[in-house]
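As structure tokens, the structure follows; a few thoughts come after it.
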Amino acid sequence: MVDSERLDKRLKRLERRRSAAPLQLSAPGPDAETLRRLLTIAMRVPDHGKLEPWRFIVLEGDARIEVARQLAATYIVENPNEDANKRDKQITKIAAIWAAAPVVVIVVSRANSEAKKPEWEQILSAGAVCMNLLTAATLAGFDGVWLTGWAAYNEAAKRILGVVPHERIAGIIHLGTENEKQKDRPRPDYDALVTRWRSQ
Ligand SMILES: Cc1cc2nc3c(=O)[nH]c(=O)nc-3n(C[C@H](O)[C@H](O)[C@H](O)COP(=O)(O)O)c2cc1C
């Protein structure tokens, strides 16, 4: 039997985990060695057929600022008819989010519909990678958030990020330390979602 005190200690961190507000993230983030460990853990996911249908693009330091600049410029080109005020707000937000967290990891799904296992399962595996990374970061004492947003779905933005057309962005994971801890949000109702199987 698992000792209940030990179990409690192990689970508490994950029971309290919640996503960070992206603009509240700042240094410290994981250093190079810790990030390598976190990404190695992130890769340790169920992967039907051992296809490795995902990869990672890491942005740190000046790369985040340069990407923020290029994305903001591209947003203007891609949205020529948007109201100027709204557009300004969008590019300010894009630039701020990409520059806030010290480490940003793009989890790229490279699921292949011709592969020997279903594409759906390959995509699920990329989702598992994202969550594994967030969980590992939580256990390492960092805060993080899983985002997508405009850049994940716009082809010109994807090019800037280094994602090729047949690939998709599963998540953009921003990692660092939250300046101000967020209040929790209402959580799902366990009893509404968990049932025991009965013969139909
Ligand atoms: C695939 C995916 C994409 C997401 N993209 C965004 C996003 O672009 N912007 C956003 O505010 N939240 C986004 N979220 C939601 C946040 O990651 C997160 O679920 C929310 O802030 C509540 O977090 P928590 O339940 O982990 O505390 C996304 C979640 C998923 C699973």
Side-chain angles (χ1 to χ4, degrees), residues 11-26 29-30 38-39 41-43 45-47 53-59 64 67-68 70-72 74-75 78-79 82 86-87 89-111 119-158 160-161 163 166-190 192-194:
L11 294 182
K12 262 222 156 87
R13 255 211 154 113
L14 295 180
E15 284 170 340
R16 290 188 188 136
R17 186 208 64 81
R18 73 141 306 171
S19 293
L23 294 177
Q24 288 295 329
L25 285 170
S26 60
L38 296 182
L39 293 177
I41 293 167
M43 292 175 204
V45 284
D47 166 14
W54 23 256
R55 66 185 183 92
F56 302 85
I57 301 170
V58 176
L59 293 98
R64 298 163 312 139
V67 150
Q70 292 191 23
L71 287 178
T74 301
Y75 187 89
E78 293 284 300
N79 296 279
E82 192 170 44
K86 196 171 163 210
R87 206 169 59 186
K89 272 197 192 135
Q90 283 299 333
I91 60 176
T92 305
K93 189 172 155 199
I94 291 167
I97 287 179
W98 281 87
V103 176
V104 181
V105 178
I106 303 170
V107 178
V108 180
S109 161
R110 43 182 194 167
E119 189 178 16
W120 163 237
E121 297 186 4
Q122 299 173 53
I123 295 168
L124 286 174
S125 183
V129 165
C130 293
M131 195 59 223
N132 235 19
L133 178 54
L134 268 186
T135 303
T138 300
L139 293 180
F142 297 103
D143 301 301
V145 61
W146 174 352
L147 302 180
T148 47
W150 168 78
Y153 296 103
N154 178 276
E155 288 306 320
K158 280 171 62 189
I160 289 169
L161 297 173
V163 178
H166 66 267
E167 296 179 324
R168 283 190 279 190
I169 294 181
I172 304 169
I173 314 293
H174 299 247
L175 298 174
T177 303
E178 215 171 15
N179 297 321
E180 198 181 307
K181 294 285 172 214
Q182 303 303 297
K183 280 211 198 92
D184 202 4
R185 67 178 174 92
R187 293 292 161 180
D189 175 1
Y190 179 96
L193 297 170
V194 181

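Each ligand, and each atom within it, is numbered from 1 in the order the structure gives. Along the sequence shown, the residues carry numbers beginning at 1. As the structure is a prediction and not an experimental result, all values here were calculated from the model.
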Note the single closest protein heavy atom to [atom], along with its residue, its atom name and the distance in Å.
atom	answer
atom 17 (O) of ligand 1	Trp146 O, 2.5 Å
atom 22 (C) of ligand 1	Arg185 NE, 3.4 Å
atom 3 (C) of ligand 1	Thr148 OG1, 3.4 Å
atom 23 (O) of ligand 1	Ser19 OG, 2.9 Å
atom 12 (N) of ligand 1	Leu147 CD2, 3.8 Å

Please state which part of Arg187 comes within less than 4.0 Å of ligand 1, counting heavy atoms only: side chain, backbone, both or neither.
->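 The answer is the side chain.
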
Any heavy atom of Gln182 under 4.0 Å from ligand 1? The part involved is neither

Residues 125-134 vs side-chain hydrogen bond (donor to acceptor under 3.5 Å, both in side chains), sequence neighbours excluded, gives Trp54-Ser125

key: Minimum side-chain heavy-atom gap Ile123-Arg168 below 4.5 Å   = yes

Test: [X] and [Y] ion pair at under 4.0 Å:
X	Y	answer
Lys12	Glu15	no
Arg55	Glu167	yes
Asp143	Lys181	yes

**Prompt:** Under the 3.5 angstrom rule, does the side chain of Gln182 hit a backbone N or O of Glu180 as a donor-acceptor pair?
**Reply:**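 Side chain of Gln182 to backbone of Glu180, a donor-acceptor pair under 3.5 Å: yes, one is there.
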
Has Asn79 got a side-chain atom pairing as donor or acceptor with Tyr75's backbone, closer than 3.5 angstrom?
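Checked: pair present.
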
For Arg17, the atoms of ligand 1 under 4.0 Å from one of its heavy atoms are 26 (O)

Next on the checklist: Which of the numbered atoms in ligand 1 are under 4.0 angstrom from any heavy atom belonging to Gly149?
Outcome noted: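 Near Gly149, meaning under 4.0 Å from one of its heavy atoms, ligand 1 has 8 (O).
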
